[in-house]
Amino acid sequence: MCFLQANMDYTFNLIEAKWRKLWQERNTYKVTEDLTKPKFYVLDMFPYPSGAGLHVGHPLGYIASDIYARYKRLKGFNVLHPMGYDSFGLPAEQYAIQTGQHPAITTKENINRYRQQLDLMGFSFDWSREVRTSDPSYYKWTQWIFKQLFNAYYDTSADKARDIEILVAQFEKEGNLHTTAIHDCEQQFDAPTWHSFTSAQKEEVLQQYRMAYLAESWVNWCPALGTVLANDEIVNGVSERGGHPVEQKRMMQWSMRIKAYAERLLEGLERVDWTDALKEQQRNWIGKSKGASVHFVVKNSNLQIEVFTTRPDTIFGVSFMVLAPEHPFVNEISSPDQAATIQAYQQQAALKTERDRQADVKNITGAFTGAYAIHPFTGAEIPIWIGDYVLASYGTGAVMAVPCGDQRDYDFAKHFGLAIPNIFADQDISASAFTEKEGVIANSDFLNGLDIKSATERIIDEIERKGIGQGKTNYRLRDAVFSRQRYWGEPFPVYYKDGVPMLVEDTQLPVTLPEVDAYLPTEDGEPPLARAAKEAWSCQLGDRMEYNTMPGWAGSSWYFLRYIDPHNDSAFADASKLAYWKQVDLYIGGSEHATGHLLYARFWTKVLFDLGFISFDEPFAKLINQGMILGKSAIAFIGPDQKMYSADMLPANKEGFREVRILIDLLNDDDSIQLDALKAWQPQFANQVFVPNAQGKVIVQREVDKMSKRWYNVVTPDDLCEKYGADTLRMYEMFLGPLEQSKPWDTKGITGVHNFLKKYWRLFHSDGKFELSTEAPSSQALKTLHKTIKKLTDDLDRFSFNTGVSSFMICVNELTEQKCNNRHILEQLTILMAPYAPHICEELWSLMHPEAASIFNETYPICNPDFLKESTFDYPVSFNGKMRFKLSLELSLSAAEVEAEVLSKPETQKWLEGKTPKKIIVVHGKIVNMVL
RNA sequence: GCGGAUGUGGUGAAAUUGGUAGACACGCCAGACUUAGGAUCUGGUGCCGAGAGGUGUGCGGGUUCGAGUCCCUCCAUCCGCACCA
């Protein structure tokens, strides 16, 4: 070790620790409302603090948002950049069930660990604004918002949510006969009837109008977890967490009337800057389809079956009807001779889980009810069947079957030998249904000869004229179940009196989570909160408190609003602060929340907007989904002889071999296993016998998986920070590729970035000393600098973080070549780079400006195009589009002069081979192309 | 099946409005220095070819003076939704 190098070394560990401390002491990242500056709100999706800690994938989005937040700050914006924890959740509860430890304790420990790891990365979060969804001072306001939802209904005439009192006033005046409210209420009543209701009856009616309501509904029940799951918490028919089977069950549940917002949730997508992929996912989830609802009279009955169809134009092709097995009419209409068959089919269908039904698409099943419906236009009798391809939960749970125009109806008809009348002109339907959207209708009375589009318009007119239905829009989106039978979640601000749900007064909020003796359901299946003793509740009202807790998405649906005023005890946030910060300008997070969190947060935002609490109805103006960083698992092979084979020693026939994933920390750089380390790792390998390759090594096979503890492929940021520093890790993660792209983690390239930072550091040092020149900068250096300023600004404005890192490398390479140690140039470069590598830049800035508190109080450099002006350009000269040579020419030359210059060169003559070019294209400052 | 995205060297990738394909970095090759250290520096590196040159952005076509970029057909991979009437 050379003595002189000591001062000169880039001692990142010391530098980073120093600035972590100073930033905290100086409150560098604390932000308050400042009306003199434009605001900018940069938000990360807050993490669930799991016991596993952060791996290198987690900070990817945080690094990007941190760079952008710092950039905006240097650009003169007042930047809100907060962080917090989505700290209610299932893993802490399951851990509590296993160990008896209170989830609050585990959660706190995990949060501390997260905080340590986040601090290590040098993020510019204003930690004074931290929120935790499991903190009573936070969930007080989650409960308060629930109350607003409970006290609201959706009025279609105003197209917004309103206070339920307005609806009650209407009921008192005229009942619900002319209501424009969205509801599930089948009952019609006038004012006197309303007044005759008991208060319990009134509440029962109102529940069918409230935005947050109690109703019996089909839910996804997970017996293993003892709770209800939302659709988006189920993946491939099993629970997202734990992979347990899920079944359908009818239960009394709190729900959110998100369906009321279906149209506005669609419309709002037009006004936000999100990717098409994400918008499409939400559109898909909302699932709007236009068509008509039509009533079919059942023969010899006063029942009418309502169906929804997107193809009313095909109504003359209806040859039978199919009801979902659960349809309420089925038992009533079944003829006595068919009743047994029908019941058997219903039982069989009920036994199938949703997953089985999905897996069993090709197997056509159904049963005839023995009943007939009357075709509303032809008067024909059409048989009514039941079949499980018709879903009770979509549309009306009944379809008019048009076998010639729908493949499922076609298959059903073929299978059961039902008629398949053809209503399409010149279409052959002998092999399959005609499902195209372009065609001409035939055999359809007054629709004959019309194309599909005009036939649709015509038939809807006729249907409405006859009073048997109307044009209708249907949505796939279902109301969201809001109850969970769990402990570790927000208690509801609700109690029951004589079975009627009542709200807890604001003054009694929060209803805090009571202590329980175990985090499990009671013996009679009540949720864990039912275990709490009366005294354990912060308030105890009515006959009992609500025992359910809120789902995980409750707290995350509004947390971005709480950051604006996190310590306010009299409102979820102060109105003037909300008016200043408004919505999130940039939101970065994973795409896995596309149909969960991102939809619910939009929904709550719209409700709060409608009720006048906030001034915007879309929470996230711009959203970027960062890609996932994947892990590269190490797979070793165990042969039938129980020996571990090197991956390059496997026989062609791998029969009898099994794969085991081993911890990637046990590998050498060449993917060979450190055998002794493996033996020490797990007892099962203690006496492992190996079959090494010719080099005496046991090689593993690498496979890309999600980065996860269970695949033993986790790389933590901690080790890399220790080894290379946070600045290197930050820049390297950005350098990996475009932010949105998923990519497997590979540490190999990190030295490149680390060497770059060392090279940058060396620009400021010579002969072991910090030394800069104060002379006027060379024009060459100015050009390099301003080129970089321009590139970096452009890159950041389009969120291209990876090319930004390249530009810094190019800049430092050029300055090194120029032997530039000019103070002005390096100051500007340091400000430019500070968002990416805050510690090293802050350190160098403090060396240049010992009096300055922070480089982040400086102003971002602006490109001066004068320094970039060129007088000459190397014209690429191509022949038939192929570049052959370059020619340096004055940029002042006109196109004609360029052409003349090029033609005068011997190289041109060589490539022309004596021919005269047919055409010569000269694009000034770009290219010359000769067409031969 | 429907919807969305992606396909470029040995590797990660760049090319922002159609204008020099492969910037930057890893790796590799050769060299310098050195107490071989994961330090630093120099040169080279798409493929074929000794070279001149040819060829090259998943396949095939098209538009254009000129296509990684625009249009059409197909293929592959990934993601989301899915008996949605």
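Below, each value reflects all heavy atoms present in this structure, side chains not excepted, and no hydrogens, waters or symmetry copies. All chains are named by letter (A, B, ...) in the order of the sequence lines, taking the proteins before the strands, and each is independently numbered beginning at 1.
- In this structure, the side chain of A:Asp9 does not engage the main chain of A:Thr11 through any donor-acceptor pair within 3.5 Å.
- The partner of B:A82, taking Watson-Crick or G-U wobble pairs whose two distances both stay under 3.5 Å, does not exist in any strand shown.
- The side chain of A:Met883 lies closest to B:U20, out of B:G53, B:A13, B:U20.
- When heavy atoms are screened at a 4.0 angstrom cut-off, A:Lys791 is found touching base atoms of the nucleic acid.
- In this structure, A:Arg702 fails the cation-pi test against A:Trp711, since its NZ or CZ atom is not both closer than 6.0 Å to the six-membered ring centre and inside 45 degrees of the ring normal.
- A donor atom on one side chain and an acceptor atom on the other are not found under 3.5 Å apart for A:Ser806 and A:Thr803.
- Within the nucleic acid shown, A:Asn755 comes within 4.0 Å of sugar-phosphate atoms alone, with no base atom in reach, counting heavy atoms only.
- With both ends at atom C1', the span from B:G9 to B:G68 equals 14 Å, rounded to whole Å.
- Residue A:Leu391 has its side chain nearest to B:A85 when only B:A85, B:G12, B:G38 are considered.
- Using a 4.0 Å heavy-atom criterion, one finds that A:Lys886 contacts the bases of the nucleic acid, with or without backbone contacts as well.
- Nucleic acid contact class of A:Asn813 (heavy atoms, under 4.0 Å, all strands): sugar-phosphate only.
- Closest approach to the A:Lys759 side chain among B:C83, B:C41, B:C84 is made by B:C41 (side chain taken as heavy atoms from C-beta onward).
- Checking A:Asp797 against A:Tyr68 by side-chain atom types alone, no donor-acceptor pair falls below 3.5 Å.
- Within 4.0 Å (heavy atoms only), A:Asn929 reaches at least one base atom of the nucleic acid.
- Checking B:C41, B:U16, B:G4 against the side-chain heavy atoms of A:Ala277 singles out B:G4 as nearest.
- When each of B:C84, B:G19, B:C26 is scored by its nearest atom to the side-chain atoms of A:Val923, the top-ranked nucleotide is B:G19.
- The closest donor-acceptor contact from the side chain of A:Gln281 to the backbone of A:Thr595 lies at 3.5 Å or more, if one exists at all.
- Residue contacts shown for A:Phe879 are absent, as no nucleic acid heavy atom lies under 4.0 Å away.
- Looking only at atom types and distance, the side chain of A:Gln407 has no donor-acceptor partner in the side chain of A:Thr435 under 3.5 Å away.
- Across all strands, A:Asn802 comes closer than 4.0 Å only to sugar-phosphate atoms, never to a base (heavy-atom distances).
- In this structure, the nucleotide among B:C65, B:C24, B:C83 sitting nearest to the side chain of A:Ser806 is B:C24.
- A side-chain contact (heavy atoms from CB on, under 4.5 Å) with A:Cys404 is found for exactly one of A:Thr314, A:Ile423, A:Asp409, namely A:Ile423.
- With a cut-off of 3.5 Å on both pairing distances, B:G66 has no Watson-Crick or G-U wobble partner at all.
- Within 4.0 Å of A:Ile921, counting heavy atoms only, lies at least one base atom of the nucleic acid.
- Under the Watson-Crick or G-U wobble criterion, with both distances below 3.5 Å, B:A21 has no partner in any strand shown.
- Inspection of the A:Thr365 and A:Tyr345 side chains reveals an N or O donor paired with an N or O acceptor under 3.5 Å.
- Spacing between B:U77 and B:C29 at atom C1', rounded to whole Å, works out to 34 Å.
- Under the Watson-Crick or G-U wobble criterion, with both distances below 3.5 Å, B:A36 is left unpaired in every strand shown.
- Closest approach to the A:Tyr394 side chain among B:G4, B:G54, B:C84 is made by B:C84 (side chain taken as heavy atoms from C-beta onward).
- Across all strands shown, A:Trp911 has heavy atoms under 4.0 Å from sugar-phosphate atoms exclusively, and none from any base.
- Taking every side-chain heavy atom of A:Thr803 into account, B:A15 is the closest of B:A21, B:A5, B:A15.
- Pairing for B:G51 is absent, with no Watson-Crick or G-U wobble pair whose two atom distances lie under 3.5 Å.
- For B:G9, the base adopts the syn conformation, since its glycosidic angle falls within 90 degrees of zero.
- Residue A:Lys288 is classed as having no contact, given no heavy-atom separation below 4.0 Å to the nucleic acid.
- B:U69 and B:C81 have their P atoms separated by 32 Å, given to the nearest Å.
- Nucleotide B:A5 has B:U77 as its partner under the Watson-Crick or G-U criteria, with both atom distances under 3.5 Å.
- Among the atoms of the strands shown, none is found under 4.0 Å from any heavy atom of A:Glu740.
- Side-chain proximity of A:Lys926 to B:A39, B:G19, B:A85: nearest is B:G19.
- B:U6 and B:C83 are spaced 28 Å apart, taking the P atom of each and rounding to whole Å.
- Using atom P as the reference point in both B:C28 and B:U11, the two lie 15 Å apart (nearest Å).
- Of the C1' atoms belonging to B:C24 and B:G31, the separation is 24 Å, rounded to the nearest Å.
- In the set B:G80, B:A13, B:C41, B:G80 carries the atom at the smallest distance from any side-chain atom of A:Gln281.
- Contact between the side-chain N/O atoms of A:Gln741 and the OP1/OP2 oxygens of B:A13 is found at a separation under 4.0 Å.
- Nucleotide B:U45 forms a pair with B:G27, judged by Watson-Crick or G-U wobble geometry with both contacts under 3.5 Å.
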